[in-house]
Amino acid sequence: MKTYTKQKLTFDNFLEQCPEEGLYELVDGEIVEVRATRNHDDVADFTADSFKDEIKRLNLNYVVKNTAVFRTITANGIEQGRKPDVSVIDKDTWRSNRSAYSALEEPIQLAIEVTSTNWEDDYIDKLDEYQRLGITEYWIVDYLAIGLREYLGNPKVPAVFVFLLDAEGKYQRTQFRGSERIVSRTFPELTLTADQILTAYTVFL
């Protein structure tokens, strides 16, 4: 992970100064490059492709992106620019300004983070920021089982965690492992199991 700036930037500064090549987030006022392993990308791509198939099958009003960046606010009031591994966005929202870059300030429908070495961001920071923004559904795909023991158990076991906003705007967590079918509010007819997602990278071996 490479840091490109030292001055504290706002979200608007980030959009103006972000390099055109590559993928980046705004973290604590700095532009940070987002990099991933091929295994990580395979897991994200498999999930995104499954969503696209479901959207096409049911003619749902969503688009699926891996480049969308949106503005979040931390508990301390700091602006962040987050880029989930998979974003499911209302099609009307996405197309409301066709000349705009892929930056949003309103909540998207579903965000997925596939864990990597900076797993604390997914389990702690992004979880809080996405809840504050009001993202209806948030998945953490921990195929490496490197996250919190509080979630993964001891010994740690790979799992998919689905967080859904309740009536009070708080996330409620459900864990899925093995052959358990993922239950999604956005895609209620989805037939994916936890294992299909968690082992997606092995298909390409």
Side-chain angles (χ1 to χ4, degrees), residues 9-27 31-36 40-74 78-116 121-122 125-141 160-166 169 171 182-192 197 200:
L9 302 178
T10 66
F11 186 69
D12 287 339
N13 295 151
F14 165 65
L15 296 181
E16 292 169 0
Q17 299 182 29
C18 188
E20 293 185 7
E21 297 296 323
L23 299 174
Y24 302 87
E25 289 190 333
L26 175 67
V27 182
I31 298 176
V32 177
E33 185 178 14
V34 179
R35 303 180 68 184
H40 177 286
D41 281 348
D42 285 345
V43 171
D45 289 347
F46 172 80
T47 311
D49 289 344
S50 299
F51 288 167
K52 290 175 183 177
D53 289 343
E54 193 73 351
I55 289 169
K56 184 176 181 180
R57 183 178 74 87
L58 297 174
N59 194 29
L60 301 175
N61 196 49
Y62 298 128
V63 294
V64 180
K65 302 293 178 181
N66 67 352
T67 57
V69 177
F70 51 83
R71 174 180 173 270
T72 64
I73 301 290
T74 69
I78 298 172
E79 289 185 319
Q80 309 272 67
R82 297 301 192 179
K83 187 208 74 64
D85 294 304
V86 180
S87 294
V88 178
I89 307 165
D90 180 270
K91 188 183 293 183
D92 295 332
T93 298
W94 180 256
R95 294 183 173 177
S96 61
N97 186 350
R98 299 300 287 164
S99 62
Y101 291 102
S102 56
L104 302 165
E105 297 197 19
E106 54 271 85
I108 64 173
Q109 179 67 27
L110 188 158
I112 293 182
E113 300 289 357
V114 180
T115 56
S116 55
D121 286 349
D122 303 332
D125 299 332
K126 291 180 181 179
L127 178 66
D128 180 67
E129 291 168 32
Y130 292 174
Q131 178 178 271
R132 288 176 182 280
L133 182 60
I135 294 177
T136 304
E137 187 167 350
Y138 172 44
W139 294 19
I140 297 176
V141 179
V160 177
F161 299 98
V162 175
F163 298 83
L164 297 175
L165 282 183
D166 63 17
Y171 276 141
I182 304 293
V183 178
S184 168
R185 183 180 295 168
T186 305
F187 300 106
E189 296 183 26
L190 193 68
T191 58
L192 282 182
I197 296 173

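Computed from a predicted model, the values in this text were never measured in an experiment.
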Under 3.5 Å donor-acceptor pairs involving side-chain atoms of residues 107-115, not counting sequence neighbours:
from : atom 1 : to   : atom 2 : distance (Å)
Q109 : NE2    : T186 : OG1    : 3.3
E113 : OE1    : K126 : NZ     : 3.4
E113 : OE2    : K126 : NZ     : 3.3
E113 : OE2    : Y130 : OH     : 2.7
T115 : OG1    : V141 : O      : 3.4
T115 : OG1    : D142 : OD1    : 2.9

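We find the CG-CG distance between N66 and D41 to be 8.0 Å, quoted to the nearest 0.5 Å. With rounding to the nearest 0.5 Å, the separation of CD in E189 from CG in L58 is 5.0 Å. Atom CG of residue L9 and atom CG of residue L26 lie 6.0 Å apart, to the nearest 0.5 angstrom. How far CD1 of I182 is from CG of L190: 8.0 Å, rounded to the nearest 0.5 Å. Taking OH of Y24 as the start and OG1 of T67 as the end, the distance is 14.0 Å to the nearest 0.5 Å. Rounding to the nearest 0.5 angstrom, the gap separating the CD atom in E129 from the OH atom in Y138 is 9.5 Å.
The shortest non-hydrogen separation linking F14 to G81 is CE2-CA, 4.4 Å. A pairwise comparison of heavy atoms in K91 and V63 identifies CG-CG1, 4.0 Å as the closest pair. Counting all heavy atoms, side chain and backbone alike, P84 lies closest to R82 at CD-O, 3.7 Å. The nearest pair of heavy atoms linking D42 to A200 is O-CB, 4.2 Å.
Under the 4.5 Å side-chain criterion, counting only non-hydrogen atoms from C-beta, V69 is in contact with F11. For the pair Y62/V64, no side-chain contact is recorded, criterion being any heavy-atom separation below 4.5 Å from C-beta on. Y171 has its side chain within reach of I135: a pair of non-hydrogen atoms, C-beta onward, lies under 4.5 Å apart. Contact of the I31 side chain with the P19 side chain is registered, since non-hydrogen atoms from C-beta on lie closer than 4.5 Å. Put simply, the side chain of V162 does not reach to within 4.5 Å of the side chain of V183, judged on heavy atoms. When side chains are defined from C-beta on, E105 does not count as touching L133, because their heavy atoms never get closer than 4.5 Å.
Aromatic rings of F51 and W139 (six-membered ring for Trp) have centroids within the 6.0 Å cut-off, being under it.
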Inset, instruction - Carefully, step by step, assess L192 and F46 under the rule side-chain contact (heavy atoms from CB on, under 4.5 Å). - result: CA-CA 11 Å; L192 282 182; F46 172 80; 3.8 Å; yes

Inset, instruction - Start with the C-alpha distance between T74 and Q80, add both sets of side-chain angles, then the distance that settles side-chain hydrogen bond (donor to acceptor under 3.5 Å, both in side chains), and finish with yes or no. - result: CA-CA 7 Å; T74 69; Q80 309 272 67; 5.9 Å; no

Inset, instruction - Give the intermediate values and the outcome of side-chain contact (heavy atoms from CB on, under 4.5 Å) for residues F187 and L60. - result: CA-CA 9 Å; F187 300 106; L60 301 175; 3.8 Å; yes

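The side-chain hydrogen bond (donor to acceptor under 3.5 Å, both in side chains) contacts involving residues 43-53 comprise nothing, where partners must be two or more places apart or lie in separate chains.
Judged by distance alone, with hydrogens and angles left aside, the side-chain atoms of E25 form a donor-acceptor pair with the main-chain N or O of K83 at under 3.5 Å.
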